[in-house]
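One-based numbering along the sequence shown. Everything numeric in this text was worked out from a predicted model, so none of it was measured.
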Amino acid sequence: MSRASRYVVGVDLGGTKVRAGIAGITSDGEADPRGALAEIERPTAAGGGRALVAQLVELVHDLCAAVATGVDAVEAVGIGGAGVPDHGQGGFDLSPNLGDLASFSLSDELRLALGCVVVLENDANVAALGELTAGIGTEHDDFAFISVGTGIGMGLVVGRALVRGAGNAAGEIGYLPFGADPLDPASHRRGPLEEVVAGDAIAGRYGQGVTVREVFARADHGDPDALASIDEEAKWVAHAIAAVDAIVDPGRIVLGGGIGSRPELLASIRSWLDRLGRGALPVTISELGSAAPVLGALRLARDAAGSTHEGVPA
């Protein structure tokens, strides 16, 4: 049984999977040194949209049960979602992988169901917060975290501060105008870059109805078509890294996500960066792995515990 009496929950809400963790907070609002006391991972509710409310409420209840406490002990929930947080509407914009979030307020419905503060943030930004707290940020003040999985996104940290941009959309690098045809309206939904680096693009290039995991497995056995699909992925991720480096000079790049964390992809990315004249840029895979977004979401929730957030009253 847990010894804490106050808790926060952190959620990594992706297009295919949702991960969540619960952590205690001390009487002065600091993190419980034990870290996450329990974690859960499940497939994201089919279709997303309003179905996410019931799923996230259930996750919070299950996490509370795992540490033998009631939901009323949870002071805040931090959610990193695959989109741009709209605190006025209480949902996410530019979130094609999360379904229809425009017809209701996700944060308001969760707040009413759970009785606590609910804070929304972009998923790559939340992962960057995790890195800042327990990963590369323990040694460096400036870096860019690039997540590649169902889609692609970036969290940028400069001077130990997260850069969100004027409309909270900084880091939406899927909309960089290269990869697919940027003038084709079909590329405007999730972005020209995301069209060619999203997980379904890797599988689609290979064909035969295989999954991304199977493409990487076949590449490990020397399948030339699988290797070509992964090299194409690496080419466009390297182009994105070169663009980010030219504009913001983050000093170092950390890769994460189900695809971005593959070591065989990193080797090809470095090869393409050499060809692009950016071979000296430090690019590494996150040592925190899938823990980074949950750790960042827990930090987000802890910072909001007992306070208010724009558009999300306590």
Side-chain angles (χ1 to χ4, degrees), residues 1-14 17-45 48-81 85-92 98 101 103-123 125-127 129-130 133-134 290-314:
M1 180 177 293
S2 171
R3 296 167 292 172
S5 59
R6 303 168 60 209
Y7 297 87
V8 290
V9 170
V11 180
D12 173 25
L13 178 59
K17 290 182 289 188
V18 55
R19 300 183 182 92
I22 187 169
I25 52 177
T26 64
S27 59
D28 57 0
E30 295 300 314
D32 187 312
R34 292 171 292 170
L37 302 173
E39 294 190 29
I40 294 174
E41 178 180 315
R42 291 174 184 163
T44 304
R50 194 174 289 275
L52 295 174
V53 176
Q55 179 176 39
L56 294 175
V57 169
E58 181 182 48
L59 278 173
V60 174
H61 279 268
D62 290 348
L63 285 167
C64 289
V67 297
T69 193
V71 175
D72 58 352
V74 175
E75 296 202 356
V77 175
I79 301 174
D86 180 344
H87 300 305
Q89 175 63 26
F92 291 97
L98 296 180
L101 297 179
S103 60
F104 69 102
S105 173
L106 177 65
S107 61
D108 280 355
E109 294 208 12
L110 289 172
R111 177 177 57 84
L112 291 172
L114 298 170
C116 67
V117 176
V118 177
V119 191
L120 306 181
E121 183 56 88
N122 171 263
D123 58 348
N125 284 351
V126 161
L129 283 177
T133 302
S290 62
V294 173
L295 287 171
L298 286 169
R299 172 171 171 167
L300 188 71
R302 188 174 72 249
D303 290 346
S307 65
T308 59
H309 187 272
E310 182 182 356
V312 187

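Between I79 and L56 there is a side-chain heavy-atom pair separated by less than 4.5 Å. Counting heavy atoms from C-beta on, the side chains of V74 and C64 come closer than 4.5 Å. Counting only heavy atoms from C-beta outward, the side chains of L63 and Y7 never approach each other to under 4.5 Å. Between V11 and V18 there is a side-chain heavy-atom pair separated by less than 4.5 Å. Residues R19 and P293 are not in side-chain contact: their nearest non-hydrogen atoms beyond the backbone lie 4.5 Å or more apart. Two residues are said to be in side-chain contact when any heavy atoms from C-beta on lie closer than 4.5 Å; Q55 and L52 meet this criterion.
Taken from CG in D12 to CG in D123, the straight-line distance is 6.5 Å, to the nearest 0.5 Å. Interatomic distance, R299 CZ to T133 OG1, rounded to the nearest 0.5 Å: 4.0 Å. With values rounded to the nearest 0.5 angstrom, D303 atom CG is found 11.0 Å from E121 atom CD. Separating the OG1 atom in T44 from the CG atom in L98 is a distance of 7.5 Å, to the nearest 0.5 Å. Considering CG of L120 and OG of S105, their distance stands at 8.0 Å, rounded to 0.5 Å. L13 contributes atom CG, which lies 7.5 Å from atom CG of L106 (distance to the nearest 0.5 angstrom).
A pairwise comparison of heavy atoms in A134 and L295 identifies CB-CD1, 4.1 Å as the closest pair. The two residues A305 and I25 make their nearest non-hydrogen contact at CB-CD1, 4.1 Å. Across all non-hydrogen atoms, the minimal contact from G10 to A297 is CA-CB, 3.5 Å. A301 and A76 get closest at one heavy-atom pair: O-CB, 3.3 Å. The nearest pair of heavy atoms linking V53 to F104 is CG2-CE1, 3.7 Å. Closest approach of A66 to A38, counting heavy atoms only: CB-CB, 3.8 Å.
Each of L110, V57, L59, V9 was scored for a side-chain contact (heavy atoms from CB on, under 4.5 Å) with V77, with one residue passing: V9.
Under the 3.5 Å distance criterion, the side-chain polar atoms of S107 are left unmatched by any main-chain donor or acceptor of V118.
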